Asker: 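One structure coming up, written as structure tokens, with questions to follow.
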Number of protein chains: 2
Amino acid sequence: MRALHQPKRDQIQLAAVLYALSDPTRLAVVRQLAAEGERACGTFELPTTKATLSHHFKVLRESGLTHTRSEGVYRFISLRREDLDARFPGLLTSVLKAARKA
Amino acid sequence: MRALHQPKRDQIQLAAVLYALSDPTRLAVVRQLAAEGERACGTFELPTTKATLSHHFKVLRESGLTHTRSEGVYRFISLRREDLDARFPGLLTSVLKAARKA
DNA sequence: TCGCTTGTTAGATGATCGTCGAACAATCCA
DNA sequence: TGGATTGTTCGACGATCATCTAACAAGCGA
């Protein structure tokens with residue numbers, strides 16, 4: 001399997017993060033990660049195919065929002081909270097808070 | 001000139017706001033509005049045509065980020081700070097802060 | 001009224017996006 | 001080794017997007 005490239009903390013781009021968060025499916029993924037922590041790709045119950053979901057995971061990972069690790073046949077995804085809080089303080093928190101009410 | 005429709009405070013959608021902010025040109029407009037307050041459309045010095053800029057202004061307005069008023073032949077644009085802070089507390093502030101460093 | 005200025009709209013173009021089914025790759029287990 | 005499982009990649013599809021030029025609309029001043 002090809003190497004997963006995800007940006008380093010200082011290379012996370014604001015526009016990419018905002019764009020990634022502007023899609024309902026991806027925002028739902030981020031919200032679930034924020035609420036329940038790391039989880040396997042296959043455990044997200046969203047109304048889409050695994051191909052589409054895989055695409056969204058890629059966008060999230062490449063934007064710097066998520067970290068992905070392989071374990072056997074599974075892929076575990078988690079939010080890069082520390083990196084995001086360090087790079088863009090308050091951003092993720094306010095987005096998650098906004099998503100809760102919107 | 002046709003009526004400008006802009007959403008009411010409670011109708012501002014998070015996804016639309018994030019999407020509007022994910023474009024470099026629009027983010028630049030928002031940053032300038034945040035820094036210098038209300039200004040006329042024609043005073044933004046950005047590397048694009050006035051037609052393209054007009055399109056971006058429309059996206060910003062319809063997302064709820066900006067307010068537009070007509071005065072004679074001019075259009076004055078301003079950030080809807082109060083509405084945004086009320087609807088999505090901390091969001092705009094953290095985005096602007098992030099944009100400053102990014 | 002006539003020109004000038006400001007900004008929007010129409011139409012077109014190339015690029016990108018979200019989505020899907022199908023094929024492929026990687027891992028595990030019997 | 002051979003199947004089963006998990007997830008990615010490929011190719012294609014319509015839809016949407018950012019951009020441009022040109023034309024249009026609205027207001028102002030001479």
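Chain naming here is simple, since letters A, B, ... match the order of the sequence lines and numbering starts at 1 in each. Model, not experiment: these values are computed from the prediction.
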Asker: Under a 3.5 Å cutoff, is there a donor and acceptor pairing between the side chains of A:Ser94 and B:Ser94?
Answerer: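 Judged by distance alone, the side chains do pair up.
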Asker: Taking only the side-chain nitrogens and oxygens of A:Arg75, find out if one of them lies under 4.0 Å from OP1 or OP2 of D:dT8.
Answerer: yes
Asker: Kindly point out which of C:dC20, C:dG7, D:dC20 is positioned nearest to the side chain of A:Ala51?
Answerer: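 My answer, after comparing the listed nucleotides, is C:dC20.
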Asker: From the options C:dG18, C:dT19, C:dG21, select the nucleotide whose nearest atom is closest to the side chain of A:Arg26.
Answerer: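 Among C:dG18, C:dT19, C:dG21, the one nearest the side chain of A:Arg26 is C:dG18.
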Asker: With a 4.0 Å cut-off on heavy atoms, is B:Phe76 in touch with a base, just the backbone sugar-phosphate, or nothing at all?
Answerer: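 If one applies the 4.0 Å heavy-atom cut-off, B:Phe76 turns out to touch nothing in the nucleic acid.
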Asker: Output yes when at least one side-chain N/O atom of B:Tyr19 is less than 4.0 Å from OP1 or OP2 of C:dG18, else no.
Answerer: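 Checking C:dG18 against B:Tyr19, no side-chain N or O comes under 4.0 Å of OP1 or OP2.
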Asker: Could you pick out which residue, A:Pro47 or B:Thr68, lies toward the 5' side of DNA chain C when each is mapped onto its nearest nucleotide?
Answerer: B:Thr68
Asker: Between P on D:dC17 and CG on B:Leu21, what's the gap in Å once rounded to a whole number?
Answerer: 15 Å
Asker: Roughly, in whole Å, what's the span from CZ in A:Phe57 to P in C:dG18?
Answerer: 14 Å
Asker: Would you compute the distance between atom CG of A:Leu79 and atom NE2 of A:His67 and round it to the nearest 0.5 angstrom?
Answerer: 12.0 Å
Asker: Return no unless some side-chain N or O of B:Ser54 is found under 4.0 Å from OP1 or OP2 of C:dT8.
Answerer: yes
Asker: Side chain of B:His56: nearest nucleotide among C:dC20, D:dT19, D:dG7?
Answerer: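 Selected nucleotide: D:dT19.
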Asker: Considering only C:dG18, D:dT21, C:dT5, which nucleotide approaches the side chain of B:Val73 most closely?
Answerer: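 From the listed options, C:dT5 comes nearest.
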Asker: What nucleotide among D:dT8, C:dT8, C:dC20 has an atom nearest to a side-chain atom of A:Thr49?
Answerer: C:dC20
Asker: Using whole Å, report how far NE2 of A:His55 lies from C1' of D:dC13.
Answerer: 14 Å
Asker: Atom CD of B:Glu62 to atom P of D:dA18: distance rounded to whole Å?
Answerer: 12 Å
Asker: Can you tell me which nucleotide in C:dC20, D:dG7, C:dT6 comes closest to the side chain of A:Lys50?
Answerer: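 Given the options C:dC20, D:dG7, C:dT6, the side chain of A:Lys50 is closest to D:dG7.
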Asker: Using atom CG of A:Leu60 as one end and atom C1' of D:dT8 as the other, report the distance to the nearest whole Å.
Answerer: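 Taking CG of A:Leu60 and C1' of D:dT8, I get 15 Å after rounding.
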Asker: Rounded to whole angstrom units, what separation is found between the CG atom of B:Leu53 and the P atom of C:dG7?
Answerer: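 My rounded result for the distance is 9 Å.
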Asker: If only side-chain N and O atoms of A:Thr48 are considered, is one of them under 4.0 Å from the OP1 or OP2 phosphate oxygen of C:dC20?
Answerer: yes
Asker: Please tell me which of the listed nucleotides, C:dT19, D:dT19, C:dG7, lies nearest to the side chain of B:Ala40?
Answerer: C:dG7
Asker: Is it the case that atom CD in A:Glu82 sees more than 12 heavy atoms from other parts of the structure closer than 6.0 Å?
Answerer: no
Asker: Nearest whole angstrom, please: distance from the P of C:dG7 to the CZ of B:Arg61.
Answerer: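 It works out to 13 Å between those atoms.
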Asker: Can you name the ring pair (Phe, Tyr, Trp, His ring centres under 6.0 Å) partners of A:Phe57, sequence neighbours left out?
Answerer: A:Phe44
Asker: Can you confirm whether B:Lys8 is buried at NZ, in the sense that more than 12 heavy atoms of other residues, nucleotides or ligands lie under 6.0 Å from that atom?
Answerer: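 Atom NZ in B:Lys8 is not packed in, count stays at 12 or less.
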Asker: Could you state the interatomic distance from NZ (B:Lys58) to CZ (B:Arg26), rounded to the nearest 0.5 Å?
Answerer: 12.5 Å
Asker: Compare the minimum distances between each of D:dT9, C:dT8, D:dC20 and the side chain of B:Thr52, then state the nucleotide with the smallest one.
Answerer: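 Side chain of B:Thr52 sits closest to D:dC20.
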Asker: Please state how far atom CG in B:Asp23 lies from atom C1' in C:dT16, giving the value in whole angstrom units.
Answerer: 13 Å
